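Letters go in sequence order (proteins before strands), and every chain restarts at 1. Small disclaimer: the values here were computed from a predicted structure and weren't measured.
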Number of protein chains: 2
Amino acid sequence: MADWCTDNTVKYIQHMTHAATVLDRVLHLSALVSADMARFEKEQGLTGPRVHLLWVLGRSGPCTQQSLAQALDVTPRNITGLVDGLVASGHVTRQAHPDDRRATLVTPTATGRRTIEGLVAGHADLASRLFGDVPDDRLEVFAAVLDETAARFATLMEEDR
Amino acid sequence: MADWCTDNTVKYIQHMTHAATVLDRVLHLSALVSADMARFEKEQGLTGPRVHLLWVLGRSGPCTQQSLAQALDVTPRNITGLVDGLVASGHVTRQAHPDDRRATLVTPTATGRRTIEGLVAGHADLASRLFGDVPDDRLEVFAAVLDETAARFATLMEEDR
DNA sequence: TATTGTTATACTCTATAACTATA
DNA sequence: TATAGTTATAGAGTATAACAATA
């Protein structure tokens, strides 16, 4: 060990190195979940953005394309295309908005509702299979670190603005 | 509380519910990191897939398009397009393979190397800012749960095959 | 005048299939 | 015969800009 390198320096560097591998692990798990998602999408003949739209629709109920554009963080034009696809595949319909004749209400069909239910059930099932056996005390720490990290992230993003 | 619902049942349900919110948190953090990535890409005039290719290239050194296709899990045709874009933007060049005249070695330019260095440095910086202040004992639990979960995931995937 | 959604246009990522050059 | 990469073709997601209908 070089003489300019104190034990504390070593510990600091190890800690930093570890932080990097922890981020890698978070991203790895996320990639695995995404791959599982992609499989579901292929089975259903859907695509990622369309599933995302259905997921949002399931949480919000029927809503305008403007709202969907904001929720998905894409342009209104883009929503037109996604909804076109979901109409063609029979998952949603465009309903007249009762109060505003400019707007349409994107509404799930029976098929769309079934898909959304499957999505929600699959999500819960995956979660319980992944985390159901983790002891409560460890799960608490895990969840707390996730929350702290997400909060820290938000702070960092504001600093950069 | 309904009389058919024992305390243990309640605890079980709470645990399962918690598992679902934990998965949501993992995905949320992952989405935040992705958004940060997207910002970097826009700054550099790059796209997600192209940055991914550069990242892999940085870890592997110059390599064939076949290798890149496997590493990125896309078709060789797709790599042609990505490399075309990165050649046009001056990040990589196609070099003749010394032993196989069919193959090309995708090689970073000086600009490409700078981008890759920025990528690596940014990744390490983000990791240390996100996890650097988490106490070692909590970080250990966090990392261990991530590893266990990823391993459990792999098992689940094999079962489904 | 502002908002909702669409048409027009263009670029990127992705895939399959056929083809060339080389091994 | 098999492999590395490209051309050809197609579809999906994304964006900007201009436009129609409505508020």
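- No side-chain donor-acceptor contact under 3.5 Å links B/Ser30 to the backbone of B/Val26.
- Interface residues of residues 45-71 of chain B facing DNA chain C, ordered by number: B/Thr47, B/Pro49, B/Arg50; criterion, heavy-atom separation under 4.0 Å.
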(request) Verify salt bridge (Lys or Arg N to Asp or Glu O under 4.0 Å) between B/Arg138 and A/Glu148, making sure each step is shown before the conclusion. (result) CA-CA 12 Å; B/Arg138 289 166 67 81; A/Glu148 293 159 16; 2.8 Å; yes

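- Grouping Ile, Leu, Val, Met, Phe, Trp and Tyr by side-chain contacts under 4.5 Å, direct or through others, leaves B/Leu105 on its own.
- In this structure B/His52 satisfies the side chain to side chain contact (heavy atoms under 4.5 Å, CB included) test together with B/Val56, B/Leu72, sequence neighbours excluded.
- Atom NE2 of A/His28 has 12 or fewer heavy atoms from other residues, nucleotides or ligands within 6.0 Å.
- Listed for the B/Thr109 side chain is a donor-acceptor partner under 3.5 Å among the backbone atoms of B/Gly90.
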(request) Encode nucleotides 16-23 of chain C as B, S and - characters from 5' to 3', where the letter depends on protein heavy atoms closer than 4.0 Å: B to the base, S only to sugar-phosphate, - to neither. (result) B----BBS

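- Evaluation of the salt bridge (Lys or Arg N to Asp or Glu O under 4.0 Å) test over residues 103-129 of chain A, restricted to residues two or more places apart or in two chains, returns A/Asp125-A/Arg129.
- With rounding to whole Å, A/Gln95 atom CD is found 16 Å from C/dG5 atom C1'.
- For the pair A/Ser67 (side chain) and A/Cys63 (backbone), a donor-acceptor distance under 3.5 Å is absent.
- Only B/Thr80, B/Arg94, listed by number, bring a heavy atom of residues 80-94 of chain B to less than 4.0 angstrom from any atom of DNA chain D.
- Between the side chains of B/Asp24 and A/His123, at least one donor N or O lies within less than 3.5 Å of an accepting N or O.
- Ion pairing of A/Arg94 with A/Asp84 is present here, as a side-chain N (NZ or NE/NH1/NH2) and a carboxylate O approach within less than 4.0 Å.
- For the pair B/His97 NE2 and D/dT3 P, the computed distance is 16 Å after rounding to whole Å.
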